[in-house]
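Predicted model only: the values in this text are computed from it and were never measured.
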Amino acid sequence: MMKTISESRCFGGVQGVYAHDSAVTGCAMTFGLFLPPEAREGPVPVLWYLSGLTCTHENAMVKAGAQAWAAEHGIAVAFPDTSPRGPDVADDEAFDMGQGAGFYVNATRAPWAAHFRMWDYVTDELPRLLVNAFPVDEERQAITGHSMGGHGALTAAMNLPDRYRSVSAFAPVSHPSRSDWGRRQFAAYLGDDESDWAAHDSTLLMRAAGFPGEVLIDQGTADAFLDRLMPEALAGAMAARRQAGQMRMQPGYDHSYFFVASFMADHIAFHAEALWA
C-alpha cells in the first residue's frame, strides 16, 4: 500500500513524495515523483533520476532544478532512493557502503542480500508501481543519474536497451570494477568472482554492446573524484565502439549539485527529444 507523504504545487504540476512497502527490498521505501501539468490529461513520459552516494530521494528533488525544465517539456521525473533503509537493514561505517550506497545491484552475499536488491527495485518494482498508480507512460521511459547514480543509469540502459529511449549521466562512476568506488562494494555485495561484476560496469558494457541511441555524459574537470570516476575509461570505450553521443568535459566544474543543476536543462532537452519522438 502506498502512502502520500507530501504533494506540492510546482511549475504548474505536482511534486510528490510517497512511501510504500517494497516486496523486493523487504522494507519501506520512499521516492519522489514530479508530474507536469500535462499529466492531468493523460499519461506522460517519465525520466528516471538515480542519485549518488549518501543521497536519498530528496537530494536531486530539491537541488537539481529538474522540475522547471521537465514542466517545460511535459515530462515526469522519478527520484528513487539509493538503498533500502531501516534498523533491520545492514549498514557499514563507511559512507560508500551500505545504506545510501546500494550501487543499483542485487546483492547476493550476506548480510546484504536480504534487502539490497536495488536493481530489481529500480528497473522492475518501482516502474510497475508508477505505471499502476500515476499517469506515466510505460512505453516512454528515459534514465539519467549522478555519480553512483550515473553508473546505475548507464548500466540499466545498456542492459535494458528496449526499456529506455535515452540515457545520460552526470559524473558517473564509469569503471567500478577497477575503481575504489566499486571493487570493495562489488566484492561485498556480489562476491569475489569479477565476472559477476561485468553487468554493472559501464565501460565493460560499452565495449561489449553500447547503447542503440545517443548517450550524453557531462563531467567536470575540477571534480575531486576523477581518479575514482575514471571518465577516460568510458570515453575510450565509447570511441572504440563509435558510440553515438557525447562525453563533455566541463571546465572548472566539480562534483556538486551546482554542477548538476548547471547542465540539467541540456539533459532534459536531450531526453525530451527522444521521449516525444
Side-chain angles (χ1 to χ4, degrees), residues 8-16 31-52 57 59-80 122-123 126-127 130-131 133-147 149-172 202 210-219 238 243-248 250 253 257-277:
S8 302
R9 192 77 168 166
C10 184
F11 293 102
V14 176
Q15 176 61 66
F31 66 93
L33 177 67
F34 171 73
L35 290 172
E38 289 84 349
R40 292 193 292 270
E41 306 300 324
V44 294
V46 60
L47 173 63
W48 294 88
Y49 184 101
L50 306 187
S51 292
H57 70 282
N59 296 73
M61 191 180 76
V62 301
K63 294 180 180 180
Q67 291 89 342
W69 306 111
E72 181 175 311
H73 291 284
I75 294 170
V77 185
F79 303 95
V122 165
T123 66
L126 189 55
L130 259 61
V131 167
F134 300 97
V136 299
D137 189 340
E138 185 177 14
E139 300 302 320
R140 291 182 292 168
Q141 299 187 49
I143 193 163
T144 188
H146 173 230
S147 194
H151 137 80
L154 289 167
T155 57
M158 285 188 276
N159 278 297
L160 300 168
D162 295 332
R163 168 77 62 80
Y164 305 103
R165 294 194 179 185
S166 53
V167 60
S168 72
F170 300 87
S202 298
F211 182 70
E214 291 196 19
V215 175
L216 175 61
I217 299 170
D218 277 309
Q219 172 63 65
M238 289 175 67
Q243 171 67 49
Q246 301 179 73
M247 176 178 282
R248 310 189 302 191
Q250 302 291 359
Y253 283 89
Y257 267 99
F258 296 114
F259 155 66
V260 173
S262 296
F263 299 101
M264 182 56 72
D266 288 356
H267 283 244
I268 297 232
F270 167 78
H271 291 293
E273 184 175 355
L275 288 167
W276 286 112

Participant: Write down the atom of D137, the atom of Q141, and the distance for their closest heavy-atom approach.
Facilitator: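 D137 and Q141 have their closest heavy atoms at O-CG, 4.0 Å.
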Participant: If we only count heavy atoms from C-beta on, is the M264 to Y49 side-chain gap below 4.5 Å?
Facilitator: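 Counting from C-beta outward, M264 and Y49 do come under 4.5 Å.
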Participant: Do the non-hydrogen side-chain atoms of R165 and H271 ever get within less than 4.5 Å of each other?
Facilitator: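 They are not in side-chain contact.
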Participant: Go through V131 and V136 one step at a time and tell me if the side-chain contact (heavy atoms from CB on, under 4.5 Å) criterion holds.
Facilitator: CA-CA 6 Å; V131 167; V136 299; 4.2 Å; yes
Participant: On a heavy-atom basis, which atom in R140 and which in L275 lie closest, and how many Å separate them?
Facilitator: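 Shortest heavy-atom separation between R140 and L275 comes out as CD-O, 3.2 Å.
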Participant: With the side chain counted from C-beta on, respond yes when L130 and F31 share a heavy-atom pair under 4.5 Å apart, and no when they do not.
Facilitator: yes
Participant: Is the side chain of Q243 donor-acceptor paired with the backbone N or O of G213 at a distance under 3.5 Å, no angle test?
Facilitator: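 Confirmed, Q243 side chain pairs with G213 backbone.
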Participant: Measure across S202 and L154 and return the closest heavy-atom pair with its distance rounded to 0.1 Å.
Facilitator: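 Closest approach of S202 to L154: OG-CB, 3.3 Å.
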Participant: Given 3.5 Å as the limit, does a donor-acceptor pair link the side chain of Q67 with the main chain of M61, or not?
Facilitator: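 Here the side-chain-to-backbone pair exists.
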Participant: Which atoms form the tightest heavy-atom contact between V260 and F170, and what is the distance?
Facilitator: O-CE2, 3.7 Å
Participant: Tell me, do I75 and P36 make a side-chain contact under 4.5 Å, heavy atoms counted?
Facilitator: no
Participant: Within the structure provided, determine whether I217 and M238 are in side-chain contact (heavy-atom separation under 4.5 Å).
Facilitator: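 I217 vs M238: side chains touch.
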Participant: Quick check: do T123 and Y164 have side-chain heavy atoms less than 4.5 Å from each other?
Facilitator: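 Sidechains of Y164 and T123: in contact.
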Participant: Taking the side chain as C-beta and beyond, is there a heavy-atom pair between D266 and R248 under 4.5 Å?
Facilitator: yes
Participant: Would you compute the distance between atom NE2 of H146 and atom CG of L50 and round it to the nearest 0.5 angstrom?
Facilitator: 12.5 Å
Participant: Contact between S51 and Y257 at the side-chain level, heavy atoms closer than 4.5 Å - yes or no?
Facilitator: yes
Participant: Going from CG on L35 to CD on Q15, what distance comes out if it is rounded to the nearest 0.5 angstrom?
Facilitator: 8.5 Å
Participant: Considering non-hydrogen atoms only, spot the tightest contact between P127 and R163 and give its length.
Facilitator: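 Reported closest heavy-atom pair: CG-NH1, 4.4 Å.
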Participant: So which heavy atom on H267 is nearest to which on S168, and how close?
Facilitator: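 Scanning both residues, the minimum pair turns out to be ND1-OG, 2.8 Å.
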Participant: How about F263 and Y253: are their ring centroids closer than 6.0 Å?
Facilitator: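 That pair passes the under 6.0 Å test.
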Participant: State the CE-CZ distance between M158 and F211, to the nearest 0.5 angstrom.
Facilitator: 9.0 Å
Participant: Checking side-chain contact (heavy atoms from CB on, under 4.5 Å) for the pair W48/L126: CA distance, chi angles, key distance, verdict?
Facilitator: CA-CA 11 Å; W48 294 88; L126 189 55; 3.6 Å; yes
